[in-house]
Structure formats: C-alpha cells, structure tokens
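To start, the structure under review is shown below, and the notes come after it.
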Amino acid sequence: MVDNGVSDSLFKMPTIKFTKLFINGQFVDSISGKTFETIDPRTGEVIVKISEGTKEDIDAAVAVAREAFDTGPWPRMTGVERAKIMVKWAELIEENGEELAALDTIEAGLLYQFTKFEIPAAADMLRYYAGAADKIHGKVLKSSGQFHAYTLMEPIGVVGHIIPWNVPLMMFFTKVAPSIAAGCTMVLKPAEQTPLSALFVAHLAKLAGVPDGVLNVVPGFGPTAGAAISSHMEIEKVSFTGSVETGREVMHAAASSNLKTVSLELGGKSPLIIFDDADLDKAADLAFFGMFFNKGEICAAGSRVYVQEGIYDELEKKLVEKAKACVVGDPFDPKTNQGPQADKNQFDKILSYIEHGKKEGATLLTGGKSIGTKGYFIEPTIFSHVKEEMRITQDEIFGPVMTLMKFKTIEEGIKRANNTRYGLAAGIVTKNIDTANTMSRSIRAGIVWINCYSILESDIPFGGYKMSGFGGKDLGLNALHKYLQLKSVVTPIYNSPWH
Amino acid sequence: MANLSNCNDDSNNNGSFLKIPKIKFTKLFINGEFVDSVSGKRFETVDPRTEEVITEIAEATKEDIDIAVKAARQAFDSGPWPRMPGAERAKIMLKWAELIEENIEEIAALDTIDGGKLYSWCKAVDVPEASNLLRYYAGAADKIHGEVFKTSRNLHLYSLMEPVGVVGHIIPWNFPTVMFFTKASPALAAGCTMLLKPAEDTPLSALFYAHLAKLAGIPDGVLNVVPGFGSTAGAAIASHMDVDAVSFTGSTETGRKVMMAATMSNLKPVSLELGGKSPVLIFDDADIDKAVDLALFGILHNKGEICVAFSRVYVQEGIYDEFEKKVVEKAKTWVVGDPFDPKVQQGPQTSKAQFEKILSYIELGKKEGATLLTGGKRFGNKGYYIEPTIFSNVKEDMLISQDEIFGPVMVLSKFKSIEEGIEKANSSKYGLASGIVTKNMDIANTVSRSIRAGIVWINCFFAFDVDCPFGGYKMSGFGRDYGLEALHKYLQVKSVATPIYNSPWL
C-alpha cells in the first residue's frame, strides 16, 4: 500500500518501470547524465527520478527522427499498414489501462475513476486516426487552361510536440495519433511534472511495431529541452499545448530559427452563460462540472459563469451548496470528487489569485483555502460581485476558482462573454433556439457547448480564437492538416475531351 | 500603338510612344476616403526605366495604421460586410471586377512605369488576373461550408466557418496587381475587413483599385490601402493588437520579422509566402529546344523578379553540352529595353536596391569561381537594366547557388542519375517551386513526390491557376494562396456541440 496523503486508499501502486529517455527505440540515459524528480502532488514527495533530456539529447532524437522520415519505413508504408500498427498499440494500451491510469493519477492528481476512462479514450483516438490514415485525399483541380493539376497531401516531416501536464496521456495521443497517421516522425517532450505515462506508452509503441526513430520521447524542462525543439533547424513543425507565455516563446523560437510552422493551443477564460429558462439543477451541475472538473486544470474550463438575473439568486445558492459538498482528497479514493493540484507552482499560483480576488474586492462565497498540511489540495472556491476588469476575471487561474456574475440581456451576455483576450471555449444554457443560434455565432471562441460542457471527442475540432492560439485544430480530421504539407503538381494536357 | 508624347527620353535603345497616364490617386485610402497621412509625410515612387520620380505618395506610419485598423475593426464588428450573405458580397466583387476590366490599359500602364513590368503582359495577363481572382472567390463566397460530425454519443455537432476578423496584408512589388487580389479576394469573400500595405516601390495601381472598390460598392472601412514602408507601416500592422491575422508575401528576412512581430504582440496567425531558389530538372529525353525556352522563360520572365523563378537549372549529362550551347545562344538574342515597347522581352529591375543587389551577386559568382557564360553587366547607362546572365561550373555551396538573387541570373549545372537530380534539387533551404522536364511517366511521378517544394511544374513553368493552391515548403514559408485553400487563411473554425435526445440514428 502506497502512502496515501490525506485519506486511506487501498490502491497498490505499481512499480515504475520506465524512467529513461526513449530515443531510436531504446531507453537511454541522457547524455549529460542529469536526472530530475517527479513529485506526487498528494504528498509533495518524490515518486522517482527520471532522466532529463537537454539540447544534446534533443539533437540526438531529431537526428534519428530525421533519418526515420527521410529513409525509414514509416512514411513509405501504406496508410493501412500504419493503421494496423496503431491499432495494435491501442490494444496494448487497453491491456495496460489500469497501470497507465495509476501513473497519470499519481503524477497529476487526476481522479483514478477519470483516468480509467481517459486511457481508453486515448486508445480510441489512436483508432480514429488509424481509420483515417488510408483516406487522406488531395484534390484534382479545375483548370481554366489546358492543364492537369492536382494536390498531394504529404507528411510534413519531423514534428516536435510539447505537451502539458493536465491530462498527460490524452495530450500525448491528441498530438501523436494524427501526426503518426499522417506518416510523420516525431520528438515529444512530456511535461516535466508528468513523464511517466508517456514513457510507458513509448515502450508499448515499440511492442506494437512502431519502427525505431519514429516516436522519440524526451522528458525534460521547457527552457532547455522544449526550447531546443522549438528552435531546431531540422524540425519542420512544432505543436504546442500550454500557457500563453510559453506559447509565445515557442513561436519566438520558431521565428528565430527556421520559420517552422507552429500550432498553439493555449489558455482560456471561458464563459458559461446561463439563461433564465434553464433548469436550475441541471444548470448548477453543468456549471460546477464546467469549472471544477479536474480541479479546474482544464484549458477550456468555464471559469466565468454569467447567470441571467431572473435565476441568479437561486443558482448562486445551489452552486455554493455543491462546492461545500465536494469531497477533496486522495484521487485513488472512489469517494473523492477533487484531487490535488498538479504541482506546487500551480498550488501557489492559485492561492495567490484567491488572495488577489479578496483584495480586488470580490465576495468570497465559499472555499478560498488550502486543505491539510501535505500535498496541494485547495477547496472549491467561488467569488461573486466580480467586476470584468478584475484580474480574477481576466487571467486564467487554472485551478478550482469560479467567478460568478449576473447579466440582464442577451446583448450584455454576448458583450461580457467576449470581453477577454482569450477565445477557447464557451457554454450556453438555454432551450430557446433563437438564443442558442445567436449566442453561438456571436461568441468569439473555438468551441461552443450548448446545454453541455467539456465534451470532447475524436471527431470534434478543438482549438482557440484570439490569444487562445492558432494553427489548426486538435481532434477531428482537421488535425491531420497540421501534419501534412500541400503540394500542387501541374502538367499540360493535350487533346482533352473536356475542361 | 500609335501615340502621343514620348514621356521618357531616348537613352534606352527603343523609343516608347505610350503616354503615361496622369496619376490620379496618391493618398492613403482609409474608411472610404483618400486622405493625407497624419504626419503629412510623403515618399517618392521612381520609374525604373529612367530612375526619375513619377510622383509623391502619402506615407502611412503607425498613426495612420492605427486609424485604418479602427475603421476596419468597426466595419467588421458592426458594419454590413460580414453580415451580408455571401451572394451579396459576390455581387459587389463582380462589379469591382467589371470596373477593373474597363480600366485595364490605364492600370497596366501604372504597373509598367512603377515596376518596370512588360506592358503587354500587364494588359494581357496581370490586370485581367485581378478580375479572375475576384470572380473565382466571389463564386465561392456563398459556398463556404462547415461540417456536421459523427459522434460516439447523443450529440449534435457541427463546425461554423467564421471570418477571422481584421486582416493585415503586406504585399511585394514584383506583381503589384496580382498580389493585391491574391490576398484581398479570398479575404473579402470570407467576410473579413482589411488593411493592405502595397510595397513602397509600387503603390500606384493599389490606390487606383481602392478607388474602383468604392465605386463598386465595397463599404467604407472594409478595404483600407495604406502605402508606406515595411519598417514603419508594415511593422505596425504585424504588431497591431487589434489585427486578427496577417498575410505576407516577400523576402524570407522580412517574413521572419513579420512572424516575430506577431509573436511579440497578440499571437495573431501568420501566413508567409517567401523566397525561393527553385530547381528545374531537365532529363535526357527532353526536347532540347523546348527545354531551352522553358529554362530561359523560367529565369527571365518578369526580369527574374519572381519568387518561383527556375534559378537553378540542372540538365542531365546526356544533353548538357547541346543545352548549354543553345541556352546561351538564345539568351544573347533576348531583347532588353523599355517595357512599353512590344518587341521588348525584359524590362528594367524594379528599383535601385534590387539592381545593385543583382550586380553584386554577379560579381560574387565570378569571385566564387563560377564560369560566366553570357551577360553579367548592366545594360545601357540609364535605368535599372541588366543583361540576361548565365553561370555554369557552379558548386552547390556557392552563394549564387544557395541565395535568392531575384534577378535575371541563371545557375546552370549538370546531373547524372535521377537520385542525384533529386538530391541536388532538394539541397536548398527553400522549397517554393520546382520543374521537371521529361515525358517519362515514372520519372515524373517519382521526382514530383521527392522534391520538397510546394508546387511542381512538369513540362511547364509559371502555370498558375486560380483553382490551384500555391505556397512553400521549408523556408519558403507556410500557408497557401489561391484555390479554395486560401479561404482558410481568413476563416476560423468554431465547433458547436449540443446534446440530442431521441435521435433515430447515430
């Protein structure tokens, strides 16, 4: 039985088997010999030491990915053959589902009952893109002259993926599944807080038959390994999910190096707008889930909740009740509703925003404090009497802190929903079709959830407007385009019976 | 072409007898009006045939860009343009196309004196292309589709393709008309509003087009044309916090600055169409005379000032000697002179800066040890004319082989096998265009997939079509112009999800 922080859990933690860099099909130490520690956020204690990749290791990984792309089998296989290997990988992931789920739980504090669902969802993503791998089409074009012209959709080459810690395995496959289906090779840097599940699935990739050099997993830190990826002259594309500040650095590095294409999926301060005709209990459930799911560590979290004045008082009451009833504790414990924040940085940052909110004059309805003396647990927190210009309303907190506001008219709702530099997601609660249609077109956000929230699926494109990012969507067939280059081929034709 | 006064002196070999039209539009076009710049600054635009000033143009700097962005923002957030159905936007775009066709000769003359481009080409190809582009995207405006998705749950899911908002276009001087409409047409069809900064060397036709846009019914604030310099007006656009996307065509160095400015400001999405050092591979089975014509056209068209120029010519060794002899002979017959003269094949380089840069690369080529087969010198003693120039015995690592010269300078080399040809073709940091000359199907198929370039022309050159996407690999940039692809630069994808109950199917 592993030490379980604040509550009793009878979960037996599996041995950590993979702690080295995965380069060219082998687990190797970093060239420098450096290691770093990964921490259990339930207790603040070290789980295990992991090899730390720095620039030299990234260079080595890129060199093998380059070789694997330029001369190796992966892009030269048919889509069907790549698909078979991806499906085999998905099966191996499902066979090891409980162990993988435990790794994400222990590193990132995700609820075990959620990670047990996250892992098969990740495997399904592999299957989705495997099913698309043999259906990637170019077009034959109309021409106003005597030409035969068509487009080839080619794998872009060596891709760098830099992923965050909030839903580690899901993030891994959001990036890897479409790029590997497209025929690319890659270097993936998992977040330093959460390398374990990435290394385990790299092992499974090899067992599934992914050729050496195609997938390279290099744990390390942003300013060293991440920067080496973004500025590498031999990487054709970098795909990043994380904070705005770091996203800016990735883009900067790409611009300063080889003008590689960049896609960024960044933060959000997404609004949930609840109209008078909403069913109060359902709206309360939705709002609570939209904000507090995964301890608020979701880029699309509905962190600004606007409630139409007719139902405001009752909804506020219900939300506070729900917050108070929320069980915060060990994520392995099935009774727990909310686990610890992922690391100390986050924990400190969230608490400081809470202090800020109080100073700015918002009303603290519930929560606001950390729990216990060990680990990074924070009470679900709700502020009301919040003004639009307060930092707690404008900045992404990325923690269990909801800002609750009242609105009158649909026009006001739209204006306030759009009053943010971000544009990742939005939610609307109403049964009125006109309200739903108008609101969904007027909110400047990349995904609008009507009478639902945080619904993500393999077939739904996901990505931001404004400072929530750009560069194509994750998920859906759109995501393949991030990893494909379009080449036009033109040749004259003679004696064509039609044009 | 009988005509009136001879507006340039006869120091170039042929007299040209076209009367230069009066320049009617010299101010900034913001919110539907021609206005002076806030600072009152003006700059000169020069005729590269004579090195003389044509006229002064209002110069936009940051303050003017701010005003233009405000007008475009207002036009997008509350004006009619995005709120019109696609079919109505299309009608206005078609009207604009008609007005352009009514003024072809005048506009063609503007591009000729501003950019040194051949008048016959401007009249027959470039200016009509403006109308083609407008018509193509007008026809697409009412057919921009989102998708409805499959789901593994009880959900109704679809995507909305929304205009991205206020767009900044920064265009180059080599094809002032085509570049203007390559950028503006899809952006307008999508429902965006915009600022367009024409190159400081070639602002004249852009301002004329702005005037015609207003006549056509483009609402005020939708299209703002702001001539100025890259380091001031261009930088202000790329770094503006209220511009939602920027589309740039120009040099790799400036493209890098645009991307950097976008990074440091509001992380606006950027599309870059940059330089090239495009290779053409001519195989043994080629018709040598046709291949010679293709290769020469590939480097001399538009005086070599084309991003897709076939500046590296690789000829398979079996036909190399004959090819070299014929291409040099043909180059020596090339007529350089006043671009209004219908006999002329090559006009002046666009500006003094370009002219000097090309001549210095020619000197470099000689120093690097390449063999100068023909040309290499200035032509005449007035105007920015340069002789068609061919170097052979070139090594891959020479700067004349690696750098984009953007002038009438061909680099000619030999290759043996198809593998060597592919390797040499790909040994460039660029990846814009490429050419293959062969009738062999297998060679054509293999090589077209193996060259890392955004467009492959097999047995042709410069075969652009409005329906055919165009853009670079590697350091030639990213994003595609032309075709329906280009619309995506000006659209955002929004997914919308809502639960459904009692659906008879999933």
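Below, read A as the first sequence line, B as the second, and so on, with proteins coming before strands; counting in each chain starts at 1.
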Evaluate A/Glu396 against A/Arg421 for salt bridge (charged side-chain N to carboxylate O under 4.0 Å, His left out), listing each step before the verdict. CA-CA 10 Å; A/Glu396 183 182 42; A/Arg421 62 182 176 276; over 6 Å; no
So what's closer than 4.5 Å to chain B heavy atoms on A/Leu477: side chain, backbone, both or neither? neither
What part of B/Leu157 gets closer than 4.5 Å to chain A, counting heavy atoms only: side chain, backbone, both or neither? side chain
Contact class of A/Ala425 relative to chain B, heavy atoms under 4.5 angstrom: neither
Considering only NZ, NE, NH1 and NH2 on the basic side and carboxylate oxygens on the acidic side, decide whether A/Lys482 and A/Asp474 come within less than 4.0 Å. yes
Need one label for A/Thr151: side chain, backbone, both or neither, based on atoms under 4.5 Å from any heavy atom in chain B. side chain
Could B/Lys429 and B/Glu404 be called an ion pair, given the rule that one side-chain N must be under 4.0 Å from one carboxylate O? no
Using a 4.5 angstrom heavy-atom cutoff, name the option from B/Arg153, B/Lys268, B/Lys150 with the most pairs to chain A. B/Arg153
Any donor and acceptor pair, going by atom type alone, linking the side chain of A/Glu236 with main-chain N or O of A/Val158 inside 3.5 Å? yes
So which of A/Ser256, A/Gly471, A/Gly427 has the biggest tally of heavy-atom pairs under 4.5 Å with chain B? A/Ser256
Would you check if there is a donor-acceptor pair between the side chains of B/Asn154 and B/Tyr501 at a distance under 3.5 Å? no
Parallel, tilted or perpendicular: which describes the rings of B/Phe462 and B/Phe297, with under 30° parallel and over 60° perpendicular? perpendicular
What residue, out of B/Gly431, B/Ser265, B/Ala444, has the most heavy-atom pairs lying under 4.5 Å from chain A? B/Ser265
Contact part of B/Lys474 toward chain A, heavy-atom cut-off under 4.5 Å: side chain, backbone, both or neither? backbone
In terms of heavy-atom pairs under 4.5 Å with chain B, the winner among A/Asn258, A/Val489, A/Leu486 is A/Leu486
Is there a donor in the side chain of A/Glu457 and an acceptor in the side chain of B/Ser152, or the other way round, less than 3.5 Å apart? yes
Using non-hydrogen atoms and a 4.5 Å limit, figure out which bit of A/Leu456 sits close to chain B: side chain, backbone, both or neither. backbone
Lys/Arg-Asp/Glu bridge criterion (N-O < 4.0 Å) met for A/Lys282, A/Asp285: no
Heavy atoms only, distances under 4.5 angstrom: which of B/Ile458, B/Val496, B/Leu267, B/Thr498 has the most pairs with chain A? Name it, please. B/Ile458
Under a 3.5 Å distance rule, please check whether B/Asp465 uses its side chain to pair with a backbone N or O of A/Ser144 as donor and acceptor. yes
Taking every non-hydrogen pair under 4.5 Å, which of B/Leu274, B/Asn266, B/Val466, B/Asn459 racks up the most with chain A? B/Asn266
Please answer whether the main-chain N or O of B/Asp77 pairs with a side-chain N or O of B/Arg83 as donor and acceptor at a distance below 3.5 Å. yes
Under a 4.5 Å heavy-atom cut-off, does chain A meet the side chain of B/Asp467, its backbone, both or neither? both
Parallel, tilted or perpendicular for B/Trp457 and B/Phe461, by the 30°/60° rule? perpendicular
Using non-hydrogen atoms only, which part of B/Arg480 is less than 4.5 Å away from chain A: side chain, backbone, both, or neither? side chain
Where does B/Ser476 contact chain A at under 4.5 Å (heavy atoms): side chain, backbone, both or neither? neither
With a 4.5 angstrom heavy-atom cut-off, could you sort out which part of B/Leu272 is near chain A: side chain, backbone, both or neither? side chain
Distance in Å, A/Leu264 CG paired with A/Arg248 CZ, rounded so as to fall on 0.5 Å steps: 10.5 Å
With only heavy atoms counted, which part of A/Tyr465 is less than 4.5 Å from chain B, the side chain, the backbone, both or neither? both
Select one option (side chain, backbone, both, neither) describing which atoms of B/Ala262 are under 4.5 Å from chain A's heavy atoms. both
Quick one: what part of A/Lys473 sits under 4.5 Å from any heavy atom of chain B, side chain, backbone, both or neither? side chain
Using salt bridge (charged side-chain N to carboxylate O under 4.0 Å, His left out) as the criterion, list what pairs up with A/Arg441, not counting sequence neighbours. none
Between A/Val262 and chain B, which part of the residue has a heavy atom less than 4.5 Å away: side chain, backbone, both or neither? side chain
Using non-hydrogen atoms and a 4.5 Å limit, figure out which bit of A/Asp124 sits close to chain B: side chain, backbone, both or neither. neither
Under 4.5 Å heavy-atom distance to chain A, tell me which part of B/Val164 shows up: side chain, backbone, both or neither. backbone
